[in-house]
Protein chains: 2
Amino acid sequence: MAANSQFSMAVHVLTMLASSGEEKMKSDCVAASVNTNPVVIRRLLGQLNQANLVISQTGAAGGTRLAKCPKEINLGDIYKAVECGEVFALHAKSPNQDCPIGKNIEAVLCNLQKEIDNTVGEKLSQYTLQSVIEMVERGEV
Amino acid sequence: MAANSQFSMAVHVLTMLASSGEEKMKSDCVAASVNTNPVVIRRLLGQLNQANLVISQTGAAGGTRLAKCPKEINLGDIYKAVECGEVFALHAKSPNQDCPIGKNIEAVLCNLQKEIDNTVGEKLSQYTLQSVIEMVERGEV
DNA sequence: TCATTTGTAACTATACTGGTTACAGTTATG
DNA sequence: CATAACTGTAACCAGTATAGTTACAAATGA
C-alpha cells in the first residue's frame with residue numbers, strides 16, 4: 001500500500017459528514033462509502049478532531065459531525081490535519097559528511113522541502129470543502 | 001523505507017556531476033558522496049539519462065556527465081525525470097460506487113492530484129541546478 | 001442494566017524502497 | 001587482441017510504512 005492516502009480519505013470522510021449536515025454520522029456508515037474498516041475511519045476522525053474540523057460523541061446514538069460549515073473548511077486545513085508524508089523524502093542515509101557537497105546538500109533540500117510543503121498547503125487552501133462538494137455533485141467537472 | 005527519496009538523491013547526484021564539469025564521473029564516486037550503493041546511483045542515472053539531463057558512457061574510462069550546463073537544468077526537470085510518487089495518493093481500494101459521493105469523489109481527487117503535481121513542478125522550476133550549487137557552496141542559506 | 005458507539009492498542013498482510021549480488025555488454029589501453 | 005574497468009539490468013533481500021482486522025475499555029442513551 002505504501003503511498004499514503006490519508007488526505008484523500010479525509011476529504012472523502014468530510015464530504016460524507018457534510019452531506020448529513022447537523023446530523024451525527026456513524027463510523028460504520030462513512031466506512032461503507034470509503035470502502036474500508038470503521039477503525040480506519042475512526043483513526044482518521046481522531047486527527048480531524050484534534051484539528052477542530054469535526055466533533056465526535058461517544059456512546060449510544062454517538063457519532064461525528066462537522067465542527068464548522070463546509071465553506072469554512074479548506075483543503076489546506078485538511079492537508080495540515082492529517083499525516084500525509086512530505087512531498088519528497090530526504091536521503092534515507094545521511095550523505096558522506098567528508099564530501100563538501102554531501103555535507104551541505106541535506107540542509108538545502110530540507111529548506112526546499114519546507115518551501116514546497118508550504119506551496120502545496122497554499123494551493124490547497126484555495127479550495128473549500130464546499131467547492132469539493134459542488135464538484136462531486138456535478139459529477140466531477 | 002517507504003517515503004521516496006529519489007528526488008533528493010537526483011539533486012545530489014546532479015550537483016556532484018556539475019562539480020566535475022566536463023569530466024565524466026564514475027558511479028562509485030557519486031555513490032561515495034550519497035552514501036549508497038553504486039547500483040542505486042546507476043538506476044537513478046538511467047532515469048536522468050532518459051530525460052536528457054545526463055550523458056553516460058559505458059566501458060573502461062566510462063562514466064557520466066551533465067548533458068547541459070547547470071543553469072539550463074531546473075529542479076522541475078529533475079522532478080519530472082525521476083519517479084517520485086504523487087504528492088498524495090488516491091484511495092487504496094476504490095470507494096463504494098453505490099454511494100453518490102463514493103462514486104464521484106475519485107475523479108475529483110484525481111484532478112486535484114494532477115493540479116497539485118503541476119503546482120509543485122512549477123514551483124521547483126523556479127530553481128536551477130546552478131542555484132542549488134550556489135546554496136550548497138555558501139553552506140545552505 | 002444493556003445495547004450501541006467511539007477511542008485505542010495490538011497484530012497482520014501487503015507492498016514499496018533501497019541495498020546487494022551477479023553478470024552481460026561496452027570500451028580504453030597496454 | 002586480451003584484459004581491466006566501466007555501465008546497464010535483472011534478481012533477490014531486508015526493513016518499514018500503510019491500512020485492514022480483532023479485541024476491548026470507556027462513554028452514553030434508552
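So you know, we letter chains A, B, ... as the sequences are listed, proteins then strands, and number each from 1.
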Atom [atom1] of [X] and atom [atom2] of [N]: how far apart are they, to the nearest Å?
X: B/Q6; N: C/dG19; atom1: CD; atom2: C1'; value: 13 Å
X: B/K24; N: D/dA5; atom1: NZ; atom2: P; value: 17 Å
X: B/F88; N: D/dA17; atom1: CZ; atom2: C1'; value: 19 Å
X: B/D28; N: D/dC6; atom1: CG; atom2: C1'; value: 9 Å
X: A/L48; N: C/dT6; atom1: CG; atom2: C1'; value: 15 Å
X: B/L45; N: D/dT7; atom1: CG; atom2: C1'; value: 10 Å
X: A/Q47; N: C/dG7; atom1: CD; atom2: P; value: 12 Å
X: A/M25; N: C/dT6; atom1: CE; atom2: P; value: 11 Å

_Would you say B/S27 places a side-chain N or O within less than 4.0 Å of OP1 or OP2 belonging to D/dC6?_
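For B/S27, the contact criterion (side-chain N or O under 4.0 Å from OP1 or OP2 of D/dC6) is not met.
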*Looking for any heavy atom pair under 4.0 Å, which part of the strands does B/G85 touch: base, sugar-phosphate only, or nothing?*
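No contact.
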Check nucleotides 21-23 of chain D against the protein and report each pair of N or O atoms closer than 3.5 Å, with its distance, or say if there are none.
residue	atom	partner	partner atom	Å
D/dT21	O4	A/R43	NH1	3.2

*Have a look at A/I73 and tell me which of A/V132, A/I78, A/N52 forms a side chain to side chain contact (heavy atoms under 4.5 Å, CB included) with it.*
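That would be A/I78.
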_B/V40 vs B/M9, test: side chain to side chain contact (heavy atoms under 4.5 Å, CB included). Steps then yes/no._
CA-CA 10 Å; B/V40 173; B/M9 286 200 288; 4.0 Å; yes
*May I ask you to list the residues of residues 49-62 of chain B, by number, that have any heavy atom positioned under 4.0 Å from an atom of DNA chain C?*
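Here the set is B/Q57, B/T58, B/G59, B/A60, B/A61.
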_Can a donor-acceptor pair be found, under 3.5 Å and without considering hydrogens, that links the side chain of A/N35 to the backbone of B/S94?_
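Flag set: sc A/N35 to bb B/S94 pair under 3.5 Å.
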*Donor-acceptor contact present, side-chain A/D77 to main-chain A/N74, <3.5 Å*: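 Such a contact is found between A/D77 side chain and A/N74 backbone.
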*Could you pull out the closest heavy-atom pair between A/L53 and A/A81, with the gap in Å?*
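Looking at all heavy atoms of both residues, the closest pair is CD1-CB, 4.0 Å.
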_Nearest heavy-atom neighbours spanning A/S27 and A/P38_ =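 Scanning both residues, the minimum pair turns out to be OG-CB, 3.8 Å.
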_Derivation and outcome, side chain to side chain contact (heavy atoms under 4.5 Å, CB included), residues B/T64 and B/N49_ = CA-CA 9 Å; B/T64 307; B/N49 186 31; over 6 Å; no
Let me have the donor-acceptor pairs involving side chains of residues 116-123 of chain A, under 3.5 Å, with sequence neighbours excluded, atom names and distances please.
residue	atom	partner	partner atom	Å
A/D117	OD1	A/Y79	OH	2.9
A/T119	OG1	A/E115	O	2.9
A/K123	NZ	B/E115	OE2	3.3

*Are A/H91 and A/E106 side-chain neighbours, meaning at least one heavy-atom pair lies under 4.5 Å?*
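Result yes, sub-4.5 Å side-chain heavy-atom pair found.
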